[in-house]
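These numbers come from a predicted model, not from an experiment.
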Amino acid sequence: MSKFENLTNEELDILREMGNIGVGNASTALATMLGRPINITVPEVYLLKFSNLDKVIKPDEIVVGTVVGLSTIDNDNSGFLYMIFPQDSPNKLAELLIGDSSDESMVESTIMEISNILASHFCDGIANMLDTVLIPTPPSYAKDYSVAVIDALLAQIADRTDNLIIFETDLVDQDNAVDILLMLIPTEKFFEYIMQLLEMVK
């Protein structure tokens with residue numbers, strides 16, 4: 001049985017905390033930008049093989065998402081961060097942040113801005129916890145079947161792993177909640193690095 005399948009509840013709690021630290025920084029940045037409280041939490045974390053992805057997302061549903069490439073300070077590819085905005089989340093976010101979701105181009109701009117903030121702060125948070133450096137690329141917009149996007153990203157990773165770490169994320173305003181999935185698609189090397197950290201804190 002692999003390390004992936006042997007993760008304990010304690011190790012999952014650590015991964016969840018890693019996600020909360022990352023998105024917590026983004027909450028502060030968004031609240032400052034909007035001038036009102038915004039809270040982002042990670043109520044659940046999933047570790048899945050690519051073949052079991054249908055347990056978390058609907059593979060036959062076209063979703064809005066953004067893709068960010070991750071690299072270390074030595075320019076080593078660490079994988080990708082794929083942010084999925086399911087169902088009506090894109091329009092909810094636009095209404096929450098700019099008060100209007102009638103213009104599709106403005107909704108797309110809102111998603112890109114949110115993704116940029118989430119990616120940069122999420123990478124800072126988890127990099128600090130892992131004692132490493134993660135440099136995100138600017139986000140790219142992707143409206144497609146999520147499985148197709150992930151399959152294309154995995155094809156770009158030389159030392160690919162089929163392990164996916166998904167942070168179920170809730171963005172909450174005073175009266176509204178928006179679901180976002182942050183999916184970390186690590187290289188084999190980066191995944192092993194995360195697993196080594198979990199071994200150290202057992």
Requested in this report: Provide the closest heavy-atom pair for Val63 versus Ser146 in the form atom of the first, atom of the second, distance.
Outcome: CG2-CB, 4.0 Å

Requested in this report: Can you sort out the partners of Asp170 under salt bridge (charged side-chain N to carboxylate O under 4.0 Å, His left out), two or more places apart, ordered by chain and number?
Outcome: none

Distance-only criterion, 3.5 Å: show the donor-acceptor pairs between side-chain atoms of residues 106-119 and protein atoms not counting sequence neighbours.
{"residue": "Ser109", "atom": "OG", "partner": "Ser105", "partner atom": "O", "Å": "3.0"}
{"residue": "Thr110", "atom": "OG1", "partner": "Met106", "partner atom": "O", "Å": "2.8"}
{"residue": "Ser115", "atom": "OG", "partner": "Thr66", "partner atom": "OG1", "Å": "2.8"}
{"residue": "Ser115", "atom": "OG", "partner": "Ile111", "partner atom": "O", "Å": "2.7"}

Query - Selection residues 32-58 - residue pairs positive for ring pair (Phe, Tyr, Trp, His ring centres under 6.0 Å), sequence neighbours left out - result: none

Requested in this report: Indicate yes or no: at least one non-hydrogen side-chain atom of Thr41 is less than 4.5 angstrom from one of Thr169.
Outcome: no

Query - Qualifying residues under salt bridge (charged side-chain N to carboxylate O under 4.0 Å, His left out), relative to Asp54, sequence neighbours excluded - result: none

**Report entry** Worked check of side-chain contact (heavy atoms from CB on, under 4.5 Å) between Glu95 and Asp100
**Finding:** CA-CA 5 Å; Glu95 289 166 8; Asp100 184 10; over 6 Å; no

Query raised in the report: Which pair of non-hydrogen atoms, one from Cys123 and one from Pro136, has the smallest distance, and what is that distance?
Result: SG-CB, 4.0 Å

**Report entry** Approximate separation, where rounding is to 0.5 Å, of Glu17 CD and Asp13 CG
**Finding:** 9.0 Å

Query raised in the report: If you look only at pairs with a residue in residues 59-114, which of them pass as a ring pair (Phe, Tyr, Trp, His ring centres under 6.0 Å), with sequence neighbours excluded?
Result: none

Query raised in the report: Do Ile21 and Val172 sit in the same hydrophobic cluster, where Ile, Leu, Val, Met, Phe, Trp and Tyr count as joined when their side-chain heavy atoms come under 4.5 Å apart?
Result: no

Query raised in the report: Should we count CD of Glu61 as having more than 12 external heavy atoms under 6.0 Å?
Result: yes

Query raised in the report: What's the spacing between Asn163 CG and Leu48 CG if we round to 0.5 Å?
Result: 9.5 Å

Report task. Hey, could you give me each pair passing side-chain hydrogen bond (donor to acceptor under 3.5 Å, both in side chains) that has a residue in residues 127-136? Not counting sequence neighbours. Result -> none

Query raised in the report: Do Lys58 and Gln87 pass the side-chain contact (heavy atoms from CB on, under 4.5 Å) test, and can you show the C-alpha distance, the side-chain angles, and the key distance before you say yes or no?
Result: CA-CA 10 Å; Lys58 297 177 181 176; Gln87 299 174 338; 4.3 Å; yes

Report summary line: Quick note, salt bridge (charged side-chain N to carboxylate O under 4.0 Å, His left out) partners involving residues 18-46, not counting sequence neighbours, are Arg16-Glu44, Arg36-Asp173

Query - Rounded distance [0.5 Å steps], CG in Leu97 versus CG in Leu171 - result: 7.0 Å

**Report entry** Which residues share a side-chain contact (heavy atoms from CB on, under 4.5 Å) with Thr187, sequence neighbours left out
**Finding:** Asn77, Ile157, Asp159, Lys189, Phe190

Requested in this report: Check whether any side-chain heavy atom of Leu15 sits under 4.5 Å from a side-chain heavy atom of Val45, and report yes or no.
Outcome: yes

Query - Note, Leu154 side chain near Ile185 side chain (heavy atom, < 4.5 Å) - result: yes

Report task. Would you please test Met183 and Ile165 for side-chain contact (heavy atoms from CB on, under 4.5 Å) and show each step? Result -> CA-CA 6 Å; Met183 185 176 301; Ile165 304 174; over 6 Å; no

Query raised in the report: Okay, side chain of Ser89, backbone of Val178: is any donor-acceptor separation there less than 3.5 Å?
Result: no

Query raised in the report: With sequence neighbours left out, which residue pairs that include part of residues 132-165 fulfil the ring pair (Phe, Tyr, Trp, His ring centres under 6.0 Å) condition?
Result: none

Report task. Sequence neighbours left out, what pairs pass salt bridge (charged side-chain N to carboxylate O under 4.0 Å, His left out) with at least one residue falling in residues 136-148? Result -> none

Requested in this report: Look up atom CG in Leu164 and atom CG in Asp162, then write down how far apart they are to the nearest 0.5 Å.
Outcome: 7.5 Å

Query raised in the report: To the nearest 0.5 Å, what is the distance between CD1 (Ile135) and CG (Leu70)?
Result: 10.0 Å

Report summary line: Between the CG atom in Leu184 and the CD1 atom in Ile166, the distance rounded to the nearest 0.5 Å is 10.0 Å

Query - Qualifying ring pair (Phe, Tyr, Trp, His ring centres under 6.0 Å) pairs, either residue in residues 102-132, two or more places apart - result: Phe122-Phe167

Query - Considering all heavy atoms, the nearest Val42-Asn20 contact - result: N-OD1, 2.8 Å

Report task. Taking side-chain hydrogen bond (donor to acceptor under 3.5 Å, both in side chains) as the test, write out the residues that go with Glu188, two or more places apart. Result -> Thr161

Query raised in the report: Does the side-chain contact (heavy atoms from CB on, under 4.5 Å) test come out yes or no for Ile84 and Leu182, once each step is laid out?
Result: CA-CA 7 Å; Ile84 301 173; Leu182 299 184; over 6 Å; no

Report summary line: Between Glu168 and Leu181 the two heavy atoms that sit nearest each other are CA-CD2, 3.8 Å

